[in-house]
Each structure stands twice: as C-alpha cells, then as structure tokens.
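All figures in this text were calculated on a predicted structure; none of them were measured in a lab.
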Amino acid sequence: MRPQSFENLLKVITEENPDFETAWISGKEPVTPRKKALIGLKYMGFKQTIRELGDQFNLSDSATLHAIDSFCLSLVKMKDKIIRWPTETEAEEIVEQFRVASNFPGILGAIDGTHIEAKFAKDIGQYYINRKYSKTINVQAICTSKKIFTQITVGSPGRVHDAHVLFDSGITHRIDRDGPLSITYKPEYHIIGDSAYPLRTWLMVPYKGTVGPAEKNYNTALSKSRVVIENAFGLLKGRWKRLQYIDGEHGGKSMYKNYHSFLCYITICLLEVTAERAGTAEDEDAVETVTAEDEDAEETVTADDKEPGAEAAEDEEEGIVQEAE
C-alpha cells in the first residue's frame, strides 16, 4: 500500500466511523487514528507478536490489542460498501474484461475456496480439522478478471466441502429468493468454478470423466479463465502474512474470543479490495516488489503523534506503508 493509498484509507475510516478517534478526556493521550491504522496494517502484513508491535509503537500489550481490534471493526462496518456484487452496468464491463483476457464469453466472476490455518478454542477446534488434518477456515470468494473480490463467505469449518460452502453462502440464498437473474442479470451471463462445484444454469464447471476433443478444449478455456481466482488468493496471502496462520489467543488468553480469525480475514479482504479499486495494487502479472527508485520517489507516511520515548519507533512506522504488501 502506497502512502497516498494509506491517507485515502485513513480518511475513509475516520469519516465513516467517528468512534475510530478516541476523545481525550483526561489522563494519558489516547492512540490517534493514524497510529491505530499503522498498527493494524503492520499486524496484518507481518507475523509479529503483539508484544513486538507494542514495543515498536511504544504501547502496552492491551493498548496494541485495542488498536488492532478498533481498526478491524471499523473496516468490517464498511464491508457492504467495499465488497459488493456488481451492478448491471458493472457486470457488462466485467464480462467484457473476461472476454478480452481469455476469449471466454459471458463470465461474470470466478469462484473458488481456500483454506486459512488458524488457532481455535479447544472446545470447537475438532470441527475445523480438514482432510489434511490441520485446523483451517474454509473461505469462498468470487472475483473479477482484475482480481477484485465481489463476494466472500468466511467462517465455514475446514472439513466442509466447497459445494456445501456455496449452498450456505449469501449468493445462493439470493438466487433461491429472487432467481438466478438477480445476480447474472442476463441468461447468457454466468460464474465459472472448478469440478468441486455443481453445474447450474448460472454456474459453469468443467466436464468430468472421459471427454472428447471439444470438451477438452472447453475445459482448457474454462481453466485459463478461472485461474484468476487462484492468483487472487495467492496475492492475498503473499501480501498479508497474517493469513499464513491466524492465532486468536495471546498469552494463553482468548483475547479476541472465537471471532478473531474471521475478523482478520474479512479485514484483509477489505484492505485488498480497497487497494485494487483505488488502482494502487501492483500489475496483475508483475512480481510484487518495490524497486529502489520507487522507494526514493515515494513520500513516507509518518505518525504525527510521537510520545516521549517513542523516537525509536519512528523509523519503523515510516516504512510500514511501503512494506505492508
């Protein structure tokens, strides 16, 4: 995330969530919105402990946890405005983008699931064990050819099959209530997925079993078009290291209870979509690195709320925005 993107994100959060800025009544000056956002980005982008983050920002463990929680909740409150299903006009643009990219007509989005390893409370952990015997959250998402998420479903246990996640998702409920055209708008528009999903009038999947040349060509074209959702998950996990393992417990105490893992994932998806729609993400096919020339050209975002003894944290804060990817 570049400096200007950070400023835009901070502006949106503070405008949409007045409570994000804590009023200073008495005692020690509260953590400013800028520092809360910096701590939140640092927490999501790296695998540092709460204590390490607190030392870098000259805050106690409890204040650091509160800043992260406040940042996450402020973004989640805006989730319906950020991750949303495209309108009919936007759908036409998305279909055209897919056609240009893969020469496959009528694609409104690519759907797939991914597993996020996490730590759960002992009484529910057994329900999240997947087929590879690790405890994960099964997350479903739909994205455009530009890798912008238009729908996510978070919270299903890792043992649940992708098809069942789809049946329980908001998009299926909407179709059951209002019909397929409520999401596709036109009969020739559809979503594409892999063989884990069932064939529907609004969902196209590959041919299974023994197939002929025509079916093989179709499967190849579908696979080339559908790979964008795989790339989107890869970029997401590459940018935001917290997704490699989400620990909801700190110091033996469940500080965030059981929703911490879900909260982190939703927050990261919101950050990703915000960056993509602002046009600040790296090029689709480029390796996500920032060259030395770019670093020299970019202005560094610094915290304007230095406290006594916080000089050591200043340099760390200056680099967070550039490193968050």
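- How far OH of Tyr128 is from CD1 of Ile116: 13.5 Å, rounded to the nearest 0.5 Å.
- Annotation for Lys208: atom NZ counts as buried by contact number, over 12 foreign heavy atoms lying within 6.0 Å.
- Residues Thr153 and Val139 have side chains not in contact (no heavy-atom distance under 4.5 Å, counting atoms from C-beta outward).
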Subject >> Full working for side chain to side chain contact (heavy atoms under 4.5 Å, CB included) between Arg200 and Ile175 >> reply: CA-CA 11 Å; Arg200 296 289 185 270; Ile175 290 173; over 6 Å; no
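- Considering every non-hydrogen atom in both Ser102 and Ile107, the closest pair reads OG-CD1, 4.5 Å.
- You'll find the side chain of Phe233 stays beyond 4.5 Å of the side chain of Cys143, heavy atoms only.
- Under the 3.5 Å distance criterion, the side-chain polar atoms of His190 are matched with a main-chain donor or acceptor of Pro105.
- Taking OG of Ser145 as the start and CZ of Arg99 as the end, the distance is 11.5 Å to the nearest 0.5 Å.
- Hydrophobic clustering places Phe20 together with Ile82 (ILVMFWY residues linked when any side-chain heavy atoms are closer than 4.5 Å, directly or through intermediates).
- Looking only at side-chain heavy atoms (C-beta outward), Ile39 and Leu59 come within less than 4.5 Å of each other.
- By the 6.0 Å and 45° rule, Lys35 does not stack over the aromatic ring of Phe57.
- Note that Lys42 lies in the cation-pi zone of Phe46, set by a 6.0 Å cut-off to the ring centre and a 45° limit from the axis.
- In terms of hydrophobic clustering, with Ile, Leu, Val, Met, Phe, Trp and Tyr side chains grouped at heavy-atom distances under 4.5 Å, Ile191 and Tyr189 are assigned to a common cluster.
- The closest donor-acceptor contact from the side chain of Glu16 to the backbone of Ile13 lies at 3.5 Å or more, if one exists at all.
- Contact check for Leu203 versus Leu199: no side-chain heavy atoms found under the 4.5 Å cut-off.
- Taking every heavy atom of both residues into account, Ala163 and Ala196 meet most closely at CB-O, 3.6 Å.
- Of the possible donor and acceptor atoms, one in the side chain of Glu90 sits under 3.5 Å from a partner among the backbone N and O of Thr87.
- A distance of 8.5 Å separates CE in Met204 from CD1 in Ile192, rounded to the nearest 0.5 Å.
- Using a 3.5 Å distance cut-off with no hydrogens or angles, the side chains of Lys146 and Gln97 do not pair a donor with an acceptor.
- A distance of 11.0 Å separates CD1 of Ile142 from CD1 of Ile152, quoted to the nearest 0.5 Å.
- In this structure, the side chain of Glu52 engages the main chain of Thr49 through a donor-acceptor pair within 3.5 Å.
- Criterion: ILVMFWY side-chain heavy atoms under 4.5 Å apart, direct or through other members. Under it, Phe71 and Phe6 are part of a common hydrophobic cluster.
- When all heavy atoms of Ile137 and Gly155 are compared, the pair lying nearest together is CG2-N, 3.7 Å.
- A heavy-atom distance below 4.5 Å is found between the side chains of Thr150 and Thr144.
- Using a cutoff of 4.0 Å between basic side-chain nitrogens and carboxylate oxygens, Lys186 and Glu88 are not scored as salt-bridged.
- For the pair Arg34 and Glu7, the salt-bridge criterion is met [side-chain N within less than 4.0 Å of a carboxylate O].
- Side-chain atoms of Gln4 and Asn8 form a donor-acceptor pair, as typed in the model, at a separation below 3.5 Å.
- Judged by distance alone, the side chain of Trp85 and the main-chain N or O of Ile183 form a donor-acceptor pair under 3.5 Å.
- To the nearest 0.5 Å, atom OH of residue Tyr197 and atom NE2 of residue His161 are 9.0 Å apart.
- Between Gln140 and Gln151, the closest side-chain pair of non-hydrogen atoms falls below 4.5 Å.
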**OP:** Carefully, step by step, assess Gln48 and Gln56 under the rule side chain to side chain contact (heavy atoms under 4.5 Å, CB included).
**Re:** CA-CA 11 Å; Gln48 291 179 299; Gln56 291 172 4; 2.6 Å; yes
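- Judged by distance alone, the side chain of Asn138 and the main-chain N or O of Ser156 form no donor-acceptor pair under 3.5 Å.
- Residues Leu10 and Ala37 share a closest heavy-atom pair of CD1-CB, 4.1 Å.
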**OP:** Could you check Thr201 against Thr184 for side chain to side chain contact (heavy atoms under 4.5 Å, CB included), going step by step and ending with a plain yes or no?
**Re:** CA-CA 10 Å; Thr201 56; Thr184 61; over 6 Å; no
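- Here CG of Leu166 is found 4.0 Å from OG1 of Thr172. Values are rounded to the nearest 0.5 Å.
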Original post:
Going through the checks in order, is the side chain to side chain donor-acceptor pair (under 3.5 Å) test met by Gln244 and Lys237?
Top reply: CA-CA 7 Å; Gln244 295 178 12; Lys237 293 180 179 181; over 6 Å; no
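- Placement of Val227 and Phe104 in two distinct hydrophobic clusters is found when ILVMFWY residues are connected by side-chain heavy-atom separations under 4.5 Å, directly or transitively.
- A salt bridge is defined here as a Lys NZ or Arg NE, NH1 or NH2 lying under 4.0 Å from an Asp or Glu carboxylate O, and Glu21 with Lys36 fails to meet this definition.
- Ring pair Tyr207/Tyr218: centre-to-centre distance below 6.0 Å.
- In the model, Ser62 has a side-chain atom that pairs as donor or acceptor with a side-chain atom of Ser60 under 3.5 Å.
- With respect to Lys147 and Glu230, no salt bridge is recorded, no charged nitrogen being found less than 4.0 Å from a carboxylate O.
- Between Val205 and Ser195 the shortest side-chain heavy-atom distance does not fall below 4.5 Å.
- When the shell of 6.0 Å around OH of Tyr245 is examined, it contains more than 12 heavy atoms from other residues, nucleotides or ligands.
- Formation of a donor-acceptor pair under 3.5 Å by the Arg159 side chain with backbone atoms of Arg131 is not found in this model.
- The cluster map of Ile, Leu, Val, Met, Phe, Trp and Tyr, joined by side-chain heavy atoms under 4.5 Å apart, puts Phe98 and Trp202 in different clusters.
- Not a single donor-acceptor pair under 3.5 Å links the side chain of Ser223 to the backbone N or O of Asn219.
- Both cation-pi conditions hold for Arg242 and Tyr43: the charged atom is under 6.0 angstrom from the six-membered ring centre and inside a 45 degree cone around its axis.
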**OP:** For Leu41 and Trp240, run side chain to side chain contact (heavy atoms under 4.5 Å, CB included): C-alpha distance rounded to whole Å, both residues' side-chain angles, the deciding distance at 0.1 Å, then the answer.
**Re:** CA-CA 9 Å; Leu41 288 173; Trp240 308 101; 4.0 Å; yes
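- Looking at Ile148 and Ile83, their side chains never come closer than 4.5 Å, going by heavy atoms from C-beta outward.
- Judged by distance alone, the side chain of Ser74 and the main-chain N or O of Ser70 form a donor-acceptor pair under 3.5 Å.
- Ser134 and Asn130 share a donor-acceptor pair across their side chains, judged by distance under 3.5 Å alone.
- Under the side-chain contact (heavy atoms from CB on, under 4.5 Å) rule, Asp194 has a single partner from Leu222, Ile111, Asp112, which is Asp112.
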